[in-house]
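Chain letters run A, B, ... following the sequence lines, proteins first, then strands; residues in each count from 1.
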Amino acid sequence: MSKSIKLRNQFIDYFRARGHTHVHSAPVIPFEDPTLLFINAGMNQFKDVFLEQGSRPYTRAVDYQKCIRVSGKHNDLEEVGRSPNHHTFFEMLGNWSFGDYYKKESIEWAWDLLVNVLKIDPKRLYATVYKGDNQVTPDDEARNIWLELTGIKDDRVSYHDAKDNFWEMGEVGPCGPCTEIHYDLGAKACQKRHVDGHICKVNGDCGRIVELWNLVFIQYRRDASGKLHNLPRKHVDTGAGFERLLRVIEGVDSNYETSLFTPLISELEVISGVKYSSGDVGIPHRVAVDHVRTLSIALADGVLPSNDGRGYVMRRILRRAARYGREIGLENPYLYKLVEPLIEIMGSAYPELAERKDHIIGVIKSEEESFSRTLGRGLVLFGGITDKLHKEKGAVISGDDAFKLYDTYGFPLDLTELMARERNLTIDNERFNKLMEEQRFRARGEEKFAAIDDEMTVGLKSEFEGYNNDSIKTKVASVKQNNDRLELILEKTPFYAEAGGQIADHGRIQWENGALNVENVVSVGDRIIHVGQLVEGVLPKIDAEVIAIIDQNRRLAIKYNHTSTHLLHTALRKHLSKNTSQMGSLVAPDRLRFDFNHTEKLSSDMLFNIEDTVNEAIRHNYKVSTNEMEYKEAIKSGVIALFGEKYGEEVRVVQIGSDDEPYSRELCGGTHVDSTGQIGLFRIISESAVSAGVRRIEAVTGEYALKLTQNEKRKLNQIEDLLGSHGSDPVEKLSKTLEEKHSVEKENERLLMGWAKGVAVEMLSEANEMNNLRVASRLFTDVSVDRMKMIGDQIRIADSRVVALLAAPVSKGAGQLCCVVGDSLIVEKKLKAGDLVSKAARLAGGGGGGRPHMATAGTKSPEKLSIAVDGFEEIVKKTLEVE
RNA sequence: GGGGAAUUAGCUCAGUUGGGAGAGCGCUGGCUUUGCAAGCCAGAGGUCACCGGUUCGAGCCCGGUAUUCUCCA
């Protein structure tokens, strides 16, 4: 067993033996927390407990949590790869107490685990405690526990200020003092060992003594004024950085030299042929192995590269890795090759990596290819810029050009700089930075996510009882008026809050002297909030009796679509691959949308097959049943769990079909029909690409599917009427018609050409000689501009020493003119059709222009066209005189 | 969320102050060559993303929408 796997197990086992429940790492996409881009600390998944908004069936927990951090005060993306301990992905080991044990056990166990189980030298350990402030007394309690229960030396426990030893979740909210365990890496780790008079200190800045484990004692809540209040329960939240702990245990100089990374680095040495070094030469290696971990984990949890939000962070990380790869000669996609070795190392801790292997590799590879295209395009544009500079004998690439390359085309500035240096050019950095600052300024000043006001509703719980009820009598738990929006929380409710892709129920909540029209329902922690407009009467009081009624027809339509979504999921697995799984889902009353991982467009035959399979399952009229069970039990029995979803310990399993041979079993909290036959009909309406490796199917069911079918038939009837193909195959008839149309058009073109030639000959025969050229003109009655152009062409071809004007009214209020000039005259007499037609059109109260050999013009007074035609010879004559 | 770009033939793209929709590759047919690579000739293939506006006239100008790329947050 590798050391990393062993360390995780030792940690988990130690606390399990002490009554802790092993909780799975939450997905890196925060669930129900829009304020956070990624899970970035072990406590994220327990945040609702600390806020007293949610609860758990256990009071002691232990876990290892995957975390992603790309920006913020502790982590600058640019540091990753340069330093021995910065990462964009890392794991946190933690044990938790929710109102259970407190300081004594946490400290005692932490020490015991480090010293006696992990065999870390106690002589290298230090502890820190909080020194107190005007609201909090110094944490002598923790210090005494250290001294009495661990045997650590008195001079190894020190007091520190709030920056290091008072933990806060945010400006307001849960907080408390913490105690930290630090480790002395030894004199050679000191970065200031050559500085005179430097003394290495705990919480110093030389890197020799590092924090190993932080034990946080949450006992306060800070309000908006900064005042601390005691929490009803005290909690423990601990976090030990996994990579750093492993580094200490393995006794190596850098996180990147632990067994978590070395196999990846070796693989990269093979791929690139460049040997790793702990110095600068190894930066590309460190960047690549760090970033491939982040990308793989995020992709496995359902993040996809995109232009904003999480997806954009992924894209930037991938590009950073691709760019550093180029420094060690890796011009082609390479990062995806590290995914398999990564799964070797991390797959047992995070099975989702192995399950989504093909997806992860596919997406990374196609993103790398896409970046190559971006760079390639940038190179072309850069070439254009330098060519221009070369011609103008300039030596400075303007800030605007460099910025445009970067901002619009994504070409990295450092590459621009590098290539400029190679050509002895410089860049106007000042201007570039100014533009960059303007860009930042523009992006600021928009509102952030609306913070949820927690004060009113702390500790409230509402029960969802809507699986079998459309209406419920209950009491009001909380009322809030927000402009014209009313927010109600009830003790129990039949309303389904938007979750798992299923959108919220609509309906009505009624009380003695008023009613709420429910337009949206959201859940926050254990609370279900009904949002809508007060439609009658006055606000209800707390504890007022109400009747909550959902819109039954809407719910029924949602049920059809939700059960159909499960049937579709099964059908996709049957027809495409067992590994096909949901990447996103929308269940609305009028349609359903299902995103899944698949690399190619589905053929229309395939879509029909899938549609058939779903409809077979509908006709089979499978019974749909639900039951609650433990998460682990459910997973063991092979139930489909979706990524990007959070599941508690108790989960709900929706089963379609018999117990012995279920057609589908999925973890799902949504509402479903009793038997599949109720759905009636399932029709796919579209199939499209969402992003690399992900496709989307949209479908309708029940009444909506029937309406779709009827509309299609209606259209077909109309088509048959138009084609006159009743009784015969309209497709055959139409293709025959199109064929005929094609040959008629060809014939028409041929005839027109002959006709145009004839007219041209007529006009030429009537042309007048003057000044060694010929002038022809004619007023047509019913000829379009295109036809006049055809005739004009024939005239030019027949005689290169002719100018001609053609004119015709095209509608009641408009007339068109066309002028042509023979090639010889353009050269010899400098005649331009554009000028001539412009002058002629002016006689008719219009305007126009064109090219030397052919030009067109128009007028809104078609009755004046004859003036233009009659005056044309005069115009030509005068034009020649001027020359 | 806020900027900057792109969208033209199956693919890659060109298209000048607004005035006949083009090239290369690919495809089909013919010719040439001992064969291959290729060459020559001919042909098919277009809602210039979509909707609206300005104009006598819009691929081009203006406004909006969609999709994609890209930067910032």
Using a cutoff of under 3.5 Å, can you pull out all pairs of nitrogen or oxygen atoms linking the protein to nucleotides 43-45 of chain B, with atom names and distances?
| from | atom 1 | to | atom 2 | distance (Å) |
| --- | --- | --- | --- | --- |
| B:A44 | OP1 | A:Lys746 | NZ | 3.1 |

Residue pairs meeting salt bridge (charged side-chain N to carboxylate O under 4.0 Å, His left out), one or both in residues 368-380 of chain A, sequence neighbours left out, come to none

Q.
Taking any heavy-atom pair under 4.0 Å as a contact, classify A:Ala857: base, sugar-phosphate, or nothing.
A. base

Rounded to the nearest 0.5 angstrom, the CG-CD1 distance for A:Leu335 and A:Ile364 is 5.5 Å

From the candidates B:G19, B:C72, B:G4, the one with an atom nearest any side-chain atom of A:Arg316 is B:C72

Rounded to the nearest 0.5 angstrom, the CG-CG distance for A:Asn429 and A:Leu413 is 6.5 Å

Taken to the nearest whole Å, CG/A:Leu817 to C1'/B:G57 is 12 Å

Sequence neighbours excluded, the answer for side chain to side chain contact (heavy atoms under 4.5 Å, CB included) partners of A:Leu751 is A:Glu747

Say we look at B:A58 and B:A37: how far apart would their P atoms be, to the nearest angstrom?
48 Å

- Query: Taking only N and O in the side chain of A:Arg315, is any of them less than 4.0 Å away from OP1 or OP2 of B:U70?
  - Reply: yes

*Across the strands shown, which category fits A:Gly847 at heavy-atom distances under 4.0 angstrom: base, sugar-phosphate, nothing?*
base

Reckon A:Arg440 has a side-chain N or O less than 4.0 Å from the OP1 or OP2 of B:A73?
yes

OP1 or OP2 of B:C72 sitting under 4.0 Å from any side-chain N/O of A:Tyr406? yes

Taking for A:Gly815 and for A:Gly848 the nucleotide of RNA chain B with the nearest heavy atom, the one nearer the 5' end belongs to A:Gly848

**Message:** As a quick check of understanding, evaluate side-chain contact (heavy atoms from CB on, under 4.5 Å) for A:Leu831 and A:Leu773, giving each step before the final call.
**Reply:** CA-CA 11 Å; A:Leu831 281 177; A:Leu773 56 80; 4.1 Å; yes

Testing B:U70, B:C72, B:C56 for proximity to the side chain of A:Thr374, the answer is B:U70

Taking for A:Lys789 and for A:Phe371 the nucleotide of RNA chain B with the nearest heavy atom, the one nearer the 5' end belongs to A:Lys789

| message | Tell me whether the side-chain N or O atoms of A:Thr856 pair up with the base of B:G19 as donor and acceptor below 3.5 Å, since no angle test is needed here. | response | yes

Out of B:C69, B:C72, B:A5, minimum distance to the side chain of A:Lys404 belongs to B:A5

Residues of residues 408-423 of chain A with a heavy atom under 4.0 Å from any atom of RNA chain B, listed by number, are A:Thr408, A:Tyr409, A:Gly410

NA contact type, A:Arg796, heavy-atom cut-off 4.0 Å: base, sugar-phosphate, or nothing? base

So side chain to side chain donor-acceptor pair (under 3.5 Å) across residues 404-414 of chain A, not counting sequence neighbours, yields A:Arg323-A:Asp414, A:Asp407-A:Gln439

Separation of B:C72 atom P from A:Phe432 atom CZ, nearest Å, is 9 Å

For RNA chain B, the expected dot-bracket line (Watson-Crick or G-U under 3.5 Å, [ ] crossing, | inter-strand) is (((((((..((((.....[..)))).(((((.......))))).....(((((..]....)))))))))))).

Polar side-chain atom of A:Arg326 near backbone of A:Glu331 as donor-acceptor pair, under 3.5 Å
yes

